[in-house]
Visitor: 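First the structure, then my questions, so here it is.
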Amino acid sequence: MKPILLQGHERSITQIKYNREGDLLFSVAKDPIANVWYSVNGERLGTYTGHTGAVCCSFTKSIWNVLTGSADNSCRLWDCETGKQLALLETSSAVRTCGFDFSGNIIMFSTDKQMGYQCFLNYFDLRDPQQIEDNQPYQSVPCNESKITSAVWGPLGEFVIAGHENGEINQYSAKSGEILKTAKEHTKQINDIQSSVDLTMLISASKDCTAKLFDSTSLEHIKTFKTERPVNSAAISPIMDHVVMGGGQEAMEVTTTSTRIGKFEARFFHAAYEEEFGRVKGHFGPINCVAFHPDGKSYSSGGEDGYVRIHYFDPHYFDFELEA
């Protein structure tokens, strides 16, 4: 089946996410637009407008609310259905990553180390309107050593798992803010962290040309998937022992390189054997983000070229549009 091409951004895609059922696909980019698409046919259903900088996004499991953070020094809460802005949280520096816990009641977001401000990981409880009104988180954790580049909630919402610029992965308690566990398996910046569907495992993508699989609770390193180019994003299949990775040559060097040499394909690896078994072409620049559909029968990728692609395939028979 021909992939569905989504064109709704003017600049490179930074993040894509499916909702729990998989019928909605959210995309954000280095432009100030957050789009929501009907993943079955690629129809754009709506846009959340209000930011003036690059955006990151998250949403509750029930899809009532959407959370976006931006380089315009703000984090905004939206009603998913109507697109109405419900809350505005202002920050001192750009918001790098954000997310809801499993209950949808607590949000976290991290800010960048810039303009004389250090990196902070902030926690807000949406059940307390005073926190939102006063713009005061119940917990604000300074990250002195290295800024957070990607973060996800751990199982049961007890802690946040954050990847750092120096390659570290830390667990930050949602109650006390203290670091519970640390893993230092990567040698360069972590670009992306994604959890498995049951939240028991996570996969990290790094500039050191590897993606690594970890146990979410113990941060025990399980597997390593090696490539020849920086890995910008990686995702775990919800139904198979497969992972998909996207990356490629650094964006600043793309103009001097052909797509074949730049290695801009999405790459599939077996999660147990660490062996690559297929590649999917399509993007004209590095792939910045990948995400599996919850049913495991398709995946999406967003690239430096500003396009989002939805690829359908049979997960049990990987000979379709793949090059070994």
Side-chain angles (χ1 to χ4, degrees), residues 6 8-17 25-36 46-59 65-78 83 85-100 107-124 132 135-137 140-144 146-152 160 162-166 189-194 205-207 230 232-233 246-247 250-252 254 285-291 302-308:
L6 310 181
H9 293 280
E10 298 175 353
R11 300 187 64 189
S12 55
I13 310 298
T14 56
Q15 196 175 31
I16 50 177
K17 285 188 175 184
L25 177 66
F26 294 80
S27 67
V28 292
K30 289 182 180 178
D31 59 27
I33 300 170
N35 287 322
V36 56
T47 300
Y48 303 96
T49 55
H51 286 295
T52 57
V55 186
C56 62
C57 78
S58 184
F59 42 82
N65 293 330
V66 176
L67 181 69
T68 57
S70 172
D72 64 8
N73 299 0
S74 74
C75 201
R76 298 169 191 253
L77 187 68
W78 310 84
Q85 182 177 302
L86 303 177
L88 169 64
L89 300 171
E90 296 180 341
T91 61
S92 301
S93 58
V95 177
R96 172 69 61 168
T97 183
C98 62
F100 288 93
I107 62 172
M108 66 83 183
F109 61 85
S110 68
T111 57
D112 270 356
K113 184 179 182 180
Q114 59 183 198
M115 298 183 296
Y117 296 97
Q118 66 183 106
C119 171
F120 282 94
L121 178 61
N122 298 307
Y123 296 93
F124 282 84
I132 307 298
N135 202 38
Q136 286 294 325
S140 187
V141 185
C143 305
N144 301 318
S146 181
K147 75 174 184 181
I148 293 174
T149 52
S150 183
V152 294
V160 166
H164 293 259
E165 195 173 31
N166 63 1
Q189 174 179 312
I190 293 174
N191 292 322
D192 184 34
I193 290 180
Q194 293 192 37
S206 172
K207 279 187 175 180
N232 294 332
S233 183
E250 293 283 357
M252 65 182 67
V254 167
I287 295 175
N288 292 336
C289 46
V290 291
E304 196 73 25
D305 53 12
Y307 297 133
V308 176

Visitor: Is a side-chain N or O of Ser233 found less than 3.5 angstrom from the main chain of Val290, in a donor-acceptor match?
Guide: yes
Visitor: Evaluate Val66 against Tyr48 for side chain to side chain contact (heavy atoms under 4.5 Å, CB included), listing each step before the verdict.
Guide: CA-CA 9 Å; Val66 176; Tyr48 303 96; 3.9 Å; yes
Visitor: Side chains of Ser74 and His51: closer than 4.5 Å at any heavy-atom pair?
Guide: yes
Visitor: Nearest 0.5 angstrom please: Lys30 NZ to Arg11 CZ, how far?
Guide: 6.5 Å
Visitor: Measure the NZ-CD1 distance between Lys207 and Ile190 for me, rounded to the nearest 0.5 Å.
Guide: 12.0 Å
Visitor: After noting the C-alpha distance and the side-chain angles of Gln118 and Asn144, does the key distance pass the side chain to side chain contact (heavy atoms under 4.5 Å, CB included) rule?
Guide: CA-CA 7 Å; Gln118 66 183 106; Asn144 301 318; 2.4 Å; yes
Visitor: Quick check: does any side chain N or O of Asn288 sit under 3.5 Å from a backbone N or O of Ile13, one acting as donor and the other as acceptor?
Guide: yes
Visitor: How about Thr68 and Trp78: do any of their side-chain heavy atoms sit closer than 4.5 Å?
Guide: yes
Visitor: Looking only at side chains, do His164 and Thr149 share a donor and an acceptor under 3.5 Å apart?
Guide: no
Visitor: Quick one, Leu121 and Met108 - any side-chain contact, counting heavy atoms below 4.5 Å?
Guide: yes
Visitor: Assess whether side chain to side chain donor-acceptor pair (under 3.5 Å) is satisfied between Ser140 and Asn122, documenting all intermediate values.
Guide: CA-CA 4 Å; Ser140 187; Asn122 298 307; 2.6 Å; yes
Visitor: Between Phe124 and Phe109 (judged by ring centroids, cut-off 6.0 Å), do the two rings come close enough to count as a pair?
Guide: yes
Visitor: Does the Asp72 side chain pair with the main chain of Thr52, one donor and one acceptor, at a distance under 3.5 Å?
Guide: yes
Visitor: Could you walk me through whether Gln189 and Ser206 satisfy the side chain to side chain contact (heavy atoms under 4.5 Å, CB included) test, starting with their C-alpha distance in whole Å, then the side-chain angles of each, then the deciding distance to 0.1 Å, before giving a yes or no?
Guide: CA-CA 6 Å; Gln189 174 179 312; Ser206 172; 5.7 Å; no
Visitor: Ignoring hydrogens and geometry, is there a side-chain-to-backbone donor-acceptor pair from Ser93 to Gln114 under 3.5 Å?
Guide: no
Visitor: Side chains of Thr47 and Asn35: donor-acceptor distance under 3.5 Å anywhere?
Guide: yes
Visitor: Quick check for you: to the nearest 0.5 Å, what is the distance between Asn65 atom CG and Ser58 atom OG?
Guide: 10.5 Å
Visitor: Is there side-chain contact between Asn191 and Ser150, with at least one heavy-atom pair below 4.5 Å?
Guide: no
Visitor: How long is the span from the CG atom in Asn135 to the CD atom in Glu90, to the nearest 0.5 Å?
Guide: 6.0 Å
Visitor: Which distance, rounded to the nearest 0.5 Å, do you find between the CD of Glu304 and the OG of Ser12?
Guide: 4.0 Å
Visitor: Under the criterion side chain to side chain contact (heavy atoms under 4.5 Å, CB included), I'd like the reasoning laid out for Thr49 against Ile33: C-alpha separation, chi angles, the key distance, then a yes or no.
Guide: CA-CA 6 Å; Thr49 55; Ile33 300 170; 5.6 Å; no
Visitor: Going by heavy atoms in the side chains, are Ile16 and Leu25 under 4.5 Å from each other?
Guide: yes
Visitor: Does one side chain, of Asn73 or Thr91, offer a donor that lies under 3.5 Å from an acceptor on the other?
Guide: no
Visitor: Quick one: pull up CD in Gln15 and SG in Cys98 and give me the separation to the nearest 0.5 Å.
Guide: 7.0 Å
